[in-house]
2 protein chains.
Amino acid sequence: MTENAKTIDDFLRNCEPKLTESATYLLKPFLSVVSLPKKHVLVKEKQICGKVYFICKGASRSFYLQNGVEVHTWFAFENEVIGSLRNFNNLPSRENIELLEESVLIAFDIAGIQTLMQENIEVANFVNVTILEYALFMEDKFFDLHMKPSNEKFSALLAHSPEIFQRVPLTYIASYLGISRETLSRLRAK
Amino acid sequence: MTENAKTIDDFLRNCEPKLTESATYLLKPFLSVVSLPKKHVLVKEKQICGKVYFICKGASRSFYLQNGVEVHTWFAFENEVIGSLRNFNNLPSRENIELLEESVLIAFDIAGIQTLMQENIEVANFVNVTILEYALFMEDKFFDLHMKPSNEKFSALLAHSPEIFQRVPLTYIASYLGISRETLSRLRAK
DNA sequence: GTAATTTTGTGATATATATCAAATGAAATT
DNA sequence: AATTTCATTTGATATATATCACAAAATTAC
């Protein structure tokens, strides 16, 4: 989507696909910058939050509760978009999103952008490309998680998202991979 | 997308979101009906096929080869769309798609439709909605496959896609769930 | 800087599932 | 209808990983 945006203007200037003056002018009212502390909860399970966020700086974890235990679904860092896609269809989120670090985010108002999409083909195609990217990203995750022996799942994650192992506690990663934290610790020892 | 379409006109008349006369007129040249026998291979791993297909009648399996063994990624039936989304970004397919039964399909020319999307906002939003649905569907699959004990993965699949157990060999289903066919057979016995 | 809390690592046992082998059952082919 | 091929079931053993218990290390808070 965009690389290393620090402000709304950065974001709109550098985003992919490129936007014309008129499209950025239309989009701008629906974007805002927010600074939030570690452990802030952006999205709550079973609720509709109405926003998606681009991470300028920081990190987040996504997880849902299953019989009282946290099951992790992903971790995001700079230049990634977080927030439930289900918002676009007015479906409640299935996961919580919490900040792992102090963060700076750009918030997008979904309802406003969806209205724009009906009128402006450039905005429609911009969102289109972003959602397509997300779908392809989900496919990648699906393939990696589908790997059978635990050590291959571990290797796939390490190969495709090494940053996770630098910035996320092992316990959360184990929960994402569907293995116990002890097993992950032992796998990593090799 | 559409329910129970048997012809191109059916499809265009009943599709969701609704299309106007002018949009259906633009789309029509890029659709065609094909009848294919069981075991026909629609999409080959590592190739770009340039089409996606809507299943009017029939069933398919999707799988990739890992060290010579087939690992299944999904099964599709009537009223579902198959074909690699990666085509939209000119990326080769990661999976093979093969028909499990004699089938009738509507083929969509991706390049043609992508050109239309640049000009016609109605077509853009139609494809938009379809891709969004696909992304949400991938999320659902991801959540179900993320279930930890094998019996929960099994139950989740049975609950959300019972048809699979009627029309797909157990061996393929076990391969999708990432468990051995013996274990699946024993799980089902309960 | 010390205490408290959280995170990670190591060992011992229990358990689920893979694997191997063989038998039964169902479909497709001639 | 008979034969071949493919799919499912059942049993016995091996193996990987979960679980439990605790120790060590690293972070965070005071």
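Values reported hereafter were calculated over all heavy atoms of this structure, with side chains retained and with hydrogens, waters and symmetry mates removed.
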- Might you work through the ring pair (Phe, Tyr, Trp, His ring centres under 6.0 Å) test for A:Tyr134 and B:Tyr134, ending with a clear yes or no? CA-CA 10 Å; A:Tyr134 179 79; B:Tyr134 180 78; over 10 Å; no
- Message: Tell me the interatomic distance from B:Leu177, atom CG, to C:dT17, atom C1', rounded to whole angstroms.
- Response: 14 Å
- In terms of side-chain geometry, is the basic nitrogen of B:Arg167 or B:Glu78 positioned less than 4.0 Å from the acidic oxygen of its partner? yes
- Determine, using ring centers only, whether A:Phe54 and A:Phe11 are less than 6.0 Å apart. yes
- Note on the structure: Whole-Å distance, B:Lys153 NZ to C:dA16 C1', equals 13 Å
- State which residue, out of B:Phe75, B:Tyr176, B:Phe154, fulfils the ring pair (Phe, Tyr, Trp, His ring centres under 6.0 Å) condition with B:Phe165. B:Phe154
- Task: Is it possible for you to check whether A:Lys141 lies under 6.0 Å from the centre of the six-membered ring of B:Phe142, through NZ or CZ, and within 45° of that ring's axis?
- Result: yes
- Task: With axes from five pairs an end, tell me the bend angle of the helix from C:dG1-D:dC30 to C:dA23-D:dT8, nearest 10°.
- Result: 50°
- side chain to side chain donor-acceptor pair (under 3.5 Å) partner of B:Glu98, the single match among B:Lys38, B:Arg61, B:Lys44: B:Arg61
- Item | Partners meeting side chain to side chain donor-acceptor pair (under 3.5 Å) with B:Asp140 (sequence neighbours left out) | A:Arg94
- Electrostatic pair A:Asp144-A:Lys153, nearest N-O below 4.0 angstrom: no
- Message: Taking 4.0 Å as the cut-off, does a side-chain nitrogen or oxygen of B:Ser150 come that near to OP1 or OP2 on C:dT17?
- Response: yes
- Under the side chain to side chain donor-acceptor pair (under 3.5 Å) rule, collect the residues that match up with A:Asn87, sequence neighbours excluded. none
- Note on the structure: note: A:Leu187, atom CG; D:dA16, atom P; distance rounded to Å ~ 11 Å
- Positive for side-chain contact (heavy atoms from CB on, under 4.5 Å) with A:Val71, one of A:Phe63, A:Tyr64, A:Tyr172: A:Tyr64
- Euclidean distance, atom CD1 of residue A:Ile179 to atom P of C:dG9 [Å, nearest integer]: 12 Å
- Query: Can you list the residues that meet the salt bridge (Lys or Arg N to Asp or Glu O under 4.0 Å) rule with B:Glu182, with sequence neighbours excluded?
  - Reply: none
- Note on the structure: 5' to 3', nucleotides 5-12 of chain D under a 4.0 Å protein heavy-atom cut-off (B base, S sugar-phosphate only, - none) gives ---BBBBB
- Can you give one letter per nucleotide of nucleotides 23-30 of chain D, going 5' to 3': B for a protein heavy atom under 4.0 Å from the base, S for sugar-phosphate only, - for none? -----S--
